[in-house]
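Below you'll find the structure, written out as structure tokens, and then a few comments.
First listed ligand is number 1; within each ligand, the first listed atom is number 1. Predicted, not measured: the structure shown is a model, and the values here were computed from it.
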Amino acid sequence: MLKSVRRLVAVRSALKSISAVRHCSSTSPLEYHSKPLRFTQANMDVILLPALKDNYMYLIIDQATKECACVDPVEPEKVLNAVKEMGVKLTTLMTTHHHWDHAGGNKELVSKCPQLSVFGGDKQIDGLKENVVHGDEFKIGQLNVRCLHTPCHTTGHICYYVTAGEGEDPAVFTGDTLFIAGCGRFFEGTPENMKTALIDILGELPPKTKVYCGHEYTVNNLKFALSVEPKNQDMITKMAWAQTKRNENKPTIPSTIGDEFKFNPFMRVREASVMNYTGTSDPVETMGFLRKAKDKF
Ligand SMILES: [Zn+2]
């Protein structure tokens, strides 16, 4: 099998100019909480677009057809500017869940581009056209997308698993289910739901799968992680790396599923070191304990 070659490059002049380009209705320059980034793989580009205070939107581009999808396009102006700058064709919106900071841009985008497909797993999602369930698949050009139902943060939360054939690392867009070194709050679900989502669904993806999540929470998540396992060398190393990135105003995205098992306490609920901290020998009880502790952290 061809070894995947992955390059991480800061977006060159095209994306640099995004912040300077204004939509016709805009009166102020666009602002980003981090630097936009472009991740180039063999057949697929992922453009990371910071939004609001700490959200991330993503463009997923099929290089063969230049067809493009956007995950959680809460700031339509930034999305449309990036689409224009990249010279790609936006056909699809992929919404992870109904919260406004993820789905809040759908209606405006559909009003401007009525032909857009809008995927999601919850009827509460603004502008929803395709109500998907676990295992549903669709295409972005030649890229394949599989919907993973991960109820807990919200009952209709969907993660999107994107594959592009041999030689390409898969990618999963996890919204507010899985963060780097953390997970979303259990607004509409139980510890058991999150254990299923993180361990039995996302945890079963290939370890090299890239994780693109919905918020920049990594440093705070690692502070909590280190309170659970102060001697975990992977957490210590990741924290130093993440702090350096944030000091440079750079995103800490993506990680991989394999790495999350090393430094994410919510992915480590079966580890003795984590269960010792929570005082139980049950992964689901451990999940519940960790979430309560994190909520108060
Ligand atoms: Zn949310």
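Arg291 and Asp295 are joined by a salt bridge, as a carboxylate oxygen and a charged side-chain nitrogen come within less than 4.0 angstrom of each other. Checked for salt-bridge contact, Asp259 and Lys262 meet the test: a charged N lies under 4.0 Å from a carboxylate O.
The environment of CD in Glu271 is crowded: more than 12 heavy-atom neighbours from other residues, nucleotides or ligands sit within 6.0 Å.
The aromatic rings of Phe266 and Phe224 sit parallel to each other, their planes meeting at less than 30°, with 60° as the upper class boundary.
Note on the Zn ion (ligand 1): protein N/O/S atoms under 2.8 Å are His97 NE2, His99 ND1, His153 NE2, Asp176 OD2.
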Hey, can you pull the donor-acceptor pairs under 3.5 Å for the side chains in residues 116-126, sequence neighbours left out?
residue, atom, partner, partner atom, Å
Asp122, OD1, Gln124, N, 2.9
Asp122, OD1, Gln124, NE2, 3.4

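Inspection of the Arg246 and Ser34 side chains reveals an N or O donor paired with an N or O acceptor under 3.5 Å.
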